[in-house]
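Please read the structure below before turning to the comments.
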There are 2 protein chains.
Amino acid sequence: MTSILTVPTLDDVAQDAGVSPATVSRAINNPDKVSKDKVERIMSAIDRLGYTPNFGARFMAAKRTFTIGAIIPTMENAIFARGIQAFQEQLRHHGYTLLVSSSAYDPETEAEQVRALANRGADGILLIGYWRDQAVYDYLQHRGLPVLLAWAFAANNALTAIGFDNRAAMYRLCDLALSKGHRDVAIISGIVEGNDRAANRLKGILERLRAEGIDTDTVPVIETPYGIANGRDAFAKIMVQDKKPTVVMCGNDVLAVGAIQMATEMGLSVPQDISITGFDGIELADIITPKLTTVFVPHADMGRRAADEIVDMLEHNKPGTSQELESTIREGGSLAAPRGQDRSTAQG
Amino acid sequence: MTSILTVPTLDDVAQDAGVSPATVSRAINNPDKVSKDKVERIMSAIDRLGYTPNFGARFMAAKRTFTIGAIIPTMENAIFARGIQAFQEQLRHHGYTLLVSSSAYDPETEAEQVRALANRGADGILLIGYWRDQAVYDYLQHRGLPVLLAWAFAANNALTAIGFDNRAAMYRLCDLALSKGHRDVAIISGIVEGNDRAANRLKGILERLRAEGIDTDTVPVIETPYGIANGRDAFAKIMVQDKKPTVVMCGNDVLAVGAIQMATEMGLSVPQDISITGFDGIELADIITPKLTTVFVPHADMGRRAADEIVDMLEHNKPGTSQELESTIREGGSLAAPRGQDRSTAQG
DNA sequence: AAAAATCGTGAAAGCGCTTTCATGAATTTA
DNA sequence: TAAATTCATGAAAGCGCTTTCACGATTTTT
């Protein structure tokens, strides 16, 4: 027995309900423009036939898809997981669907994904951070697609963004390290090129150090892609050099976890022998021993707000309002006063 | 300067290149059916105009989208991350795009997502595990959509699957625990209802225990959704009871990580005071102290093979061949011989 | 050299929806 | 009661693509 592949169409429903296709379409999209009894008849016909509107046809005719596209740098680490999850859930409450893809931190891939999402009829797009080729923004504008940026916030920028000040947050974390008495800092940064978040985090540390009168040219900085293994390697490289730091500040939690692992393997105890800090406040930060002292970012809140905002932009066809979120420092135990420093008050 | 929202269409390209729309379509989809010079002229017109085919229109006319849908239970934990990432990358090599959505372990949500993906024109669908309402399978067959199952493998099942034997793997892990001398086992299982992987993992433990002559009715089993916090709670609950186990076997690494955390907080050292095991072999397993003794699943390999297989099914319109993958036990240090193995325990 | 097969191309018919426009019925207003 | 609105509905025109079919031009075969 072969099943005949015949997906019911709107016309089938119309016929079954004894009305015109136009009325069925209205019953689905604007029920209050159709008389009560017909809506009922149509709905029961829809149920009976198991009809679901064809997405492509709908898209073609209406030029709307109730779909939002999001392009994140990576799905591998948990960095974006929680925020995107919240974004999706909130989008869903508004009746929108999320299409995610990842660019692997590659600008060209990202540009390609933007085009792919546009073709697939995304009504709006969420991107991470500010820095990218102007051509991408031009393309988006040309296609009339609203963009919302997340995971970063810069005052005075015309683009709508919902995020936090990466520079200021890292500045504060560095402040904390200095207040504990650290003066010998090393940095494991994410790749800065094309990544404003990474760049600003690095900048935040360096600025704070300079404010302290520290010559930042002598501060060891290793730039490496986010990844536990990279954090390990970078840490090992740093500890091989002559001038050993008392604290290693990492561009994110993933790098920091790698650094702690390597420190432990090298027989160094954290934070007695060396302090290590992270950034993001993902789950990992609480699982590693010792727990990471890190900047906690309200990922879920950010995702929810982003969803609300982009839907608002879409439905009211307005530019959108940027929102700055607060990040907070969470002390986990991986940052303490350097050895030989007085425990209560650290004086320079 | 006002940018006029006018996305170029195939007709524009045709006009620009001085050929018919049909020829442009062919130049894009079947270049060898069009003369060399025209292909060239068309391609340069496409570049010049910045044309990209409209997805909806293409879908309507061709009824193919080169899109595969995947529905995973959750994106939150890293359980599926690596496998899906590999699936996507491999799909991409074949020229396909992946559309992922998550069901939050809810059958109704899953069924809804299946319909959503079908409407969006997915050419095929990847689902996790076997157990789901027959109606879902019927629907898929009715729409003529090939399905591939992953993360599980059952011999003699007509459905095509690429995965591993959850029961057998857990049986072996339990075997290892017994061989170290454990007889008092407690289990923190994932929710079994509607989840054949969780059910089979539990079954694997119980079967092995019975084979040892242990009365499994007295074995404490807590069923709880996957999540670190749930692992913590379950562990606490188990250790409150009179009969304390020497080993707690967890349904996955996430639960095990929670259990280890709680054990540590309760002042128990793992594995000296209590052993804990996991399942999956995700990154977390290596980060927690002590590292987890767990079943390592070749997620990336599974993802890649799944991609190859489903593309093969699609392009050759054939049923597909199931593949069983090997999972291996990886000892991390969270499982050791129980205390007082060769002495009588001083238990009140 | 004639007949047959092959090839490159364009015209045109949809694919399944939404939406404008026209129309007659029901309702309100003057 | 007549005129003006409002309302519910259907006919029909696309949306941007693919693909069948027909046709003349080449090439191959007889």
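Being a predicted model, the structure only gives us computed values, none of them experimental. Residue numbers start from 1 in every chain, and the chains themselves are labelled A, B, ... in the order their sequence lines are given, proteins ahead of strands. Values below: every heavy atom of this structure, side chains too, minus hydrogens, waters and symmetry copies.
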If only side-chain N and O atoms of [X] are considered, is one of them under 4.0 Å from the OP1 or OP2 phosphate oxygen of [N]?
X: B:Thr23; N: C:dT9; value: no
X: A:Ser25; N: C:dT18; value: yes
X: A:Arg26; N: C:dT19; value: no
X: A:Lys38; N: D:dT9; value: yes
X: A:Thr9; N: C:dG16; value: no
X: A:Asn29; N: C:dT18; value: yes

### Query
To the nearest 0.5 Å, what is the distance between CZ (B:Phe153) and OG1 (B:Thr160)?
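That separation rounds to 10.5 Å.
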Nearest whole Å is fine: how far is [N] [atom2] from [X] [atom1]?
X: A:Asp11; N: C:dT18; atom1: CG; atom2: P; value: 11 Å
X: A:Lys33; N: C:dT18; atom1: NZ; atom2: P; value: 15 Å
X: A:Phe66; N: C:dT18; atom1: CZ; atom2: C1'; value: 12 Å
X: B:Arg64; N: D:dT19; atom1: CZ; atom2: P; value: 10 Å
X: B:Lys36; N: C:dT9; atom1: NZ; atom2: C1'; value: 17 Å
X: B:Phe55; N: C:dG16; atom1: CZ; atom2: P; value: 15 Å
X: A:Gln15; N: D:dG10; atom1: CD; atom2: C1'; value: 14 Å
X: B:Met60; N: D:dT19; atom1: CE; atom2: P; value: 13 Å

### Task
Kindly say whether the aromatic ring centers of B:Phe80 and B:Trp151 come within a distance under 6.0 Å.
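Between B:Trp151 and B:Phe80, which both carry aromatic rings, the centre distance is below 6.0 Å.
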### Query
Are B:Tyr139 and B:Arg115 side-chain neighbours, meaning at least one heavy-atom pair lies under 4.5 Å?
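Side chain of B:Tyr139 against side chain of B:Arg115, heavy atoms only: contact under 4.5 Å found.
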### Query
Does the side chain of A:Leu126 reach to within under 4.5 Å of the side chain of A:Phe87, using non-hydrogen atoms?
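A side-chain contact exists here, since the closest heavy-atom pair is under 4.5 Å.
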Of the nucleotides [options], which one has an atom closest to the side chain of [X]?
X: B:Ala22; options: D:dT18, D:dG10, C:dA12; answer: C:dA12
X: A:Ala61; options: D:dG10, C:dA12, C:dC17; answer: C:dC17
X: A:Leu10; options: D:dG10, C:dG10, C:dT18; answer: C:dT18

### Message
Does B:Tyr51 reach a base, just sugar-phosphate, or nothing at all? Heavy atoms under 4.0 Å.
### Response
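Since only primed, P, OP1 and OP2 atoms lie under 4.0 Å of B:Tyr51, the category is sugar-phosphate.
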### Task
Pick base, sugar-phosphate or nothing for B:Ala62, based on heavy-atom distances below 4.0 Å to the nucleic acid.
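It contacts sugar-phosphate atoms only.
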### Query
How are the rings of B:Tyr226 and B:Tyr105 set to each other: parallel, tilted or perpendicular (split at 30° and 60°)?
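Perpendicular: the ring planes of B:Tyr226 and B:Tyr105 meet at over 60°.
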